[in-house]
Amino acid sequence: ATVRRDRGQAETAYVTEPSRSVVMIVDEGSLPASAVRQAIQGASALLDRLGMNDRVAVVRLPLASDPSLALTSERPAIRDAIGRITGRLAPGERRADGITPDSSHVGRGMVGARGLADELERSASAAGAPHDDAAVGENGLQGLIRTLASLSKLPGRKAVALFSAGLDDDDARRITAAARAAADARASLHVFDLSVPGDRRNSGTDPALLARLAQAAGGVFVELGRNPGKDLEALVPELEACFEIGLSRIDGEDRGRPRALRVETKRAGLAVRAPSF
């Protein structure tokens, strides 16, 4: 894409992406300890399938403050952040009112290769700090919506990968809001189920809601098993080149009148996706 763009004529604008923006969001508040290895393997496998120039951020929920996202292509820093993923759902503990066993964790994603080490150390040391008011009562989907709102400030298209072991009843009422936040951020939201069957009975979360979230956002739902690398193959084509189609109203048109858009393709291997709200 870069070569083709650079060789183009001055008056020619290529709709290409020399690099992609990918944000991995891990809902640690939903993860039991038994799902941590699966989360790390899944995030690492996704990173392995990205290009060296792709810019990546890692965000760990719940958040104690609004995320300040700066994506980076520095692979060692990204792998370090992935290696720090932990489970915050105690065995047999049911989530209540969206409060996870440890809401004091601060996850702010990538802040640049040079400043990342200090940021990670602050995140680790914050685990024993007093709870931030912004994090009290926050569940995974609320943190996802806040992260998507931050992404809306960054230019271009983004791909967001949410790793979670399930959503709760409070989350079910916010699925449409999350899908709208993804659309506003120009982000394709893909969801990865990390649920471990033995832990689902007592976690108070429902992995079926993850599939609903992916469908509402027009993304891909992947249930990760013992071989996350193989399971991720379903997502790889979704991260490749794409066409974006939108509607633009003309002056004087009734803005309160809904418009329908129908998109069909006869080309093999081309998927048409859109939010369902």
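Keep in mind that this is a model prediction, so the values were computed, not measured.
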Atom pair CZ (Arg55) and CG (Leu50), whose distance is rounded to the nearest 0.5 Å: 12.5 Å
Closest non-hydrogen atom pair between Ala165 and Pro32, with its separation: CB-CD, 4.3 Å
Closest non-hydrogen atom pair between Arg60 and Thr86, with its separation: NH2-CG2, 4.3 Å
Residues Asp54, Arg75; criterion side-chain contact (heavy atoms from CB on, under 4.5 Å); working and verdict: CA-CA 10 Å; Asp54 291 339; Arg75 289 299 184 265; 4.3 Å; yes
Heavy-atom pair of closest approach, residues Arg88 and Pro62: CD-CD, 4.3 Å
Spatial distance of atom CG (Leu69) from atom OG (Ser21) [nearest 0.5 Å]: 10.5 Å
Interatomic distance, Met24 atom CE to Ile85 atom CD1 [nearest 0.5 angstrom]: 8.5 Å
Test item: Asn53 side-chain N/O and Ser19 main-chain N/O as donor-acceptor pair under 3.5 Å: no
Leu167 vs Arg174 side-chain heavy atoms within contact, under 4.5 Å: no
Residues Asp80 and Arg84 bridged, charged N to O under 4.0 Å: yes
Derivation of the side-chain contact (heavy atoms from CB on, under 4.5 Å) call for Leu162 and Ile25: CA-CA 5 Å; Leu162 173 65; Ile25 302 177; 3.9 Å; yes
Nearest-0.5 Å distance that lies between atom CZ in Phe221 and atom CG in Leu210: 5.5 Å
Steps toward side-chain contact (heavy atoms from CB on, under 4.5 Å) verdict (Glu223, Asp231): CA-CA 7 Å; Glu223 187 173 358; Asp231 298 331; over 6 Å; no
Note, Val26 side chain near Leu31 side chain (heavy atom, < 4.5 Å): yes
Co-membership, hydrophobic cluster, residues Ile145 and Leu209, 4.5 Å side-chain: no
Minimal non-hydrogen separation, Leu46 against Leu239, with atom names: CD1-CD1, 3.9 Å
Atom of Leu144, atom of Leu61 and distance for their closest heavy-atom approach: N-CD1, 3.8 Å
Within-4.5 Å side-chain heavy-atom neighbours: Leu224 and Phe163: yes
Intermediate values then yes/no, side-chain contact (heavy atoms from CB on, under 4.5 Å), Val36 and Ile40: CA-CA 6 Å; Val36 171; Ile40 294 176; 3.9 Å; yes
Nearest non-hydrogen partners of Ala45 and Gly229, listed with the distance: CB-CA, 3.9 Å
Value rounded to 0.5 Å, distance of CG in Leu194 from CD in Glu28: 11.0 Å
Minimum side-chain heavy-atom gap His190-Val222 below 4.5 Å: no
Arg37, CZ: over 12 other non-hydrogen atoms inside 6.0 angstrom: no
pair Asp184-Leu148: side-chain heavy atoms closer than 4.5 Å: no
Inter-residue atom distance Leu141.CG - Asp27.CG, 0.5 Å rounding: 8.5 Å
Carboxylate-amine/guanidinium proximity below 4.0 Å for Arg79 and Asp48: yes
Under 3.5 Å: donor-acceptor pair, side chain of Lys158, backbone of Ala185: yes
